[in-house]
2 protein chains.
Amino acid sequence: MTEIKKYSISEAAEKVHLTAHTLRYYDKEGLLPFVNRTENGIRCFSESDLETLELINCLKATGMPIKDIKRFMDWCVEGDTKLEERYQLFLERRESVLKQISELLETLERIEHKCWYYKTAVEAGTIDIHKSDRMNRLKQKNG
Amino acid sequence: MTEIKKYSISEAAEKVHLTAHTLRYYDKEGLLPFVNRTENGIRCFSESDLETLELINCLKATGMPIKDIKRFMDWCVEGDTKLEERYQLFLERRESVLKQISELLETLERIEHKCWYYKTAVEAGTIDIHKSDRMNRLKQKNG
DNA sequence: ATATCATTTAAAGTTAACTCTAAGTCAAGT
DNA sequence: ACTTGACTTAGAGTTAACTTTAAATGATAT
């Protein structure tokens, strides 16, 4: 027999590294349609609700806005009729994350160039050590 | 003799893929202390100013907030006395970008798992094909 | 000369995602 | 009985980074 654990809003918040305030905000925005209540109206979170919250965190980590996550949760409520839409959503998220990574790799190169630029400048005690950089670049370019 | 080109605010904006409004906002926030004006108070952007804007775009791409970029520009105005601080800033940016990339790679793995999950569900026409996933995972875990 | 742009400033408005406050209910401990 | 602490709601406030507006000045074309 599987024991079914339930969590209060603050326990759930701690588990998924959010605040109870934020969970209520997500609920209000329609991100948590599956969370049950006691007869007194108090939310009780199941393990499955925690998994949903982990998924929400994951989608947020891809840069997805709350209202788009809400649309996804609406599809989840609709069940198997929206499977294709949900699949497409994750394919799009995948593309988005790949693009973000490639942009960050490009940014990383520029930052690393600046690290070298300032490392040499700090060693020389002045930025003037790079004063002719542009001229050198132009010379190389124009033969 | 090098020809010194100058750009109006809207020309500069187009070059760096921002709007003239945004450039004025950046100027107001202290991000563009080097931009000169005509006798009538009109900004004219040099090639070097465009490079500064590219750098600002690069720092923003690392997730750096405007006020931190302003502090960096303040250090630039102060010249060689703040070389060490500027160097440290880029080292920190480097670490930050590396961290973001590794987090996105982790997120990518989760998303790709969901892609597989929904691909198989779409093929089966129902999510029920994964109904026993958790049980299987538990079985594996507990021997 | 007149119309049409582009530019200037100061300041108000927008959006997302919280974050906090007020006012109240409920269960447990002393 | 009373305090403490967690929970509830509705709604106001916050922050960053723009974005738009208003009112005025300056530059260009016909």
Side-chain angles (χ1 to χ4, degrees), chain A residues 5-33 35-46 49-50 52-73 93 96 100 103 107, chain B residues 5-33 35-46 49-50 52-73 93 96 100 103 107:
Chain A
K5 262 201 182 166
K6 290 287 182 176
Y7 304 91
S8 74
I9 195 166
S10 49
E11 286 167 341
E14 195 182 358
K15 286 250 176 197
V16 299
H17 308 106
L18 294 169
T19 69
H21 278 311
T22 303
L23 294 190
R24 280 189 208 103
Y25 165 69
Y26 285 176
D27 195 6
K28 197 172 62 176
E29 295 299 313
L31 266 57
L32 306 174
V35 173
N36 290 319
R37 307 279 189 128
T38 68
E39 67 262 23
N40 301 316
I42 291 178
R43 294 171 188 83
C44 51
F45 290 73
S46 68
D49 291 330
L50 295 188
T52 300
L53 284 169
E54 303 280 14
L55 177 54
I56 288 172
N57 277 338
C58 178
L59 290 173
K60 283 207 314 147
T62 73
M64 198 175 193
I66 296 291
K67 65 178 172 206
D68 290 0
I69 301 179
K70 181 210 169 356
R71 194 180 38 162
F72 169 71
M73 294 310 303
R93 284 298 88 200
S96 169
Q100 288 174 59
E103 284 168 2
T107 298
Chain B
K5 261 203 182 165
K6 291 284 182 178
Y7 303 91
S8 74
I9 195 167
S10 49
E11 285 167 342
E14 196 182 356
K15 285 250 177 202
V16 299
H17 308 107
L18 296 168
T19 69
H21 280 310
T22 303
L23 294 189
R24 281 188 208 104
Y25 166 68
Y26 285 176
D27 195 6
K28 196 173 64 179
E29 295 299 313
L31 266 56
L32 306 173
V35 172
N36 290 320
R37 305 280 189 129
T38 67
E39 67 263 22
N40 301 318
I42 290 177
R43 293 172 188 82
C44 51
F45 290 75
S46 68
D49 293 328
L50 295 189
T52 299
L53 285 170
E54 302 279 15
L55 178 55
I56 288 171
N57 277 339
C58 178
L59 289 173
K60 283 208 313 148
T62 73
M64 196 175 193
I66 296 289
K67 65 178 172 208
D68 289 359
I69 300 179
K70 181 207 169 359
R71 194 179 40 163
F72 168 72
M73 294 309 305
R93 283 299 88 201
S96 169
Q100 288 173 60
E103 284 168 0
T107 297

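Note that the coordinates shown come from a computational prediction; the quantities given were computed from them, not determined experimentally. Chain letters run A, B, ... following the sequence lines, proteins first and then strands; every chain starts at 1.
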Closest approach to the side chain of [X], judged atom by atom: which nucleotide of [options] is it?
{"X": "B/Arg24", "options": "D/dT20, D/dT8, C/dT8", "answer": "C/dT8"}
{"X": "A/Lys60", "options": "C/dC18, D/dA27, D/dA17", "answer": "C/dC18"}
{"X": "B/Tyr25", "options": "C/dT7, D/dG26, D/dA17", "answer": "D/dA17"}
{"X": "A/His21", "options": "D/dT20, D/dA6, C/dC20", "answer": "C/dC20"}
{"X": "A/Tyr26", "options": "D/dT19, C/dC18, D/dT20", "answer": "C/dC18"}
{"X": "B/Ile66", "options": "D/dA17, C/dT7, D/dT20", "answer": "D/dA17"}

Exercise: do [X] and [Y] side chains pair donor with acceptor under 3.5 Å:
{"X": "B/Ser46", "Y": "B/Asp49", "result": "yes"}
{"X": "B/Glu14", "Y": "B/Ser10", "result": "no"}
{"X": "A/Thr107", "Y": "A/Glu103", "result": "no"}

d([atom1], [X]; [atom2], [N]) in whole Å:
{"X": "B/Ile9", "N": "C/dT9", "atom1": "CD1", "atom2": "P", "value": "8 Å"}
{"X": "A/Lys67", "N": "C/dT14", "atom1": "NZ", "atom2": "P", "value": "15 Å"}
{"X": "B/Leu23", "N": "C/dT9", "atom1": "CG", "atom2": "P", "value": "12 Å"}
{"X": "A/Glu29", "N": "D/dG11", "atom1": "CD", "atom2": "C1'", "value": "13 Å"}
{"X": "B/Asn40", "N": "D/dA27", "atom1": "CG", "atom2": "C1'", "value": "9 Å"}
{"X": "B/Arg37", "N": "C/dT9", "atom1": "CZ", "atom2": "C1'", "value": "10 Å"}
{"X": "B/Lys6", "N": "C/dT7", "atom1": "NZ", "atom2": "P", "value": "16 Å"}
{"X": "B/Leu53", "N": "D/dC18", "atom1": "CG", "atom2": "C1'", "value": "16 Å"}

Inset, instruction - Flag yes if more than 12 heavy atoms outside B/Lys6 fall under 6.0 Å of its NZ atom; otherwise flag no. - result: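 Yes.
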Legend entry - Of B/Leu32, B/Thr22, B/Val35, the residue whose pairing with B/Leu53 passes side-chain contact (heavy atoms from CB on, under 4.5 Å):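 Of all the options given, the one that passes is B/Leu32.
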Inset, instruction - Specify the residue among B/Ile42 and B/Met64 whose closest nucleotide of DNA chain D lies further upstream toward the 5′ end. - result: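 So the residue in question is B/Met64.
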Inset, instruction - Describe the nucleic acid contact of B/Ser8 in one word from base, sugar-phosphate, nothing, applying a heavy-atom distance below 4.0 Å. - result: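 It contacts sugar-phosphate atoms only.
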Inset, instruction - Under 4.0 Å between any heavy atoms, over every strand shown, what does B/Arg43 touch: base, sugar-phosphate, or nothing? Just pick one. - result: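 Sugar-phosphate, no base atom in range.
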Inset, instruction - Let me know, please, whether B/Ser10 or A/Glu39 comes out on the 5' side of the other along DNA chain C by nearest nucleotide. - result: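 The 5'-side residue here is B/Ser10.
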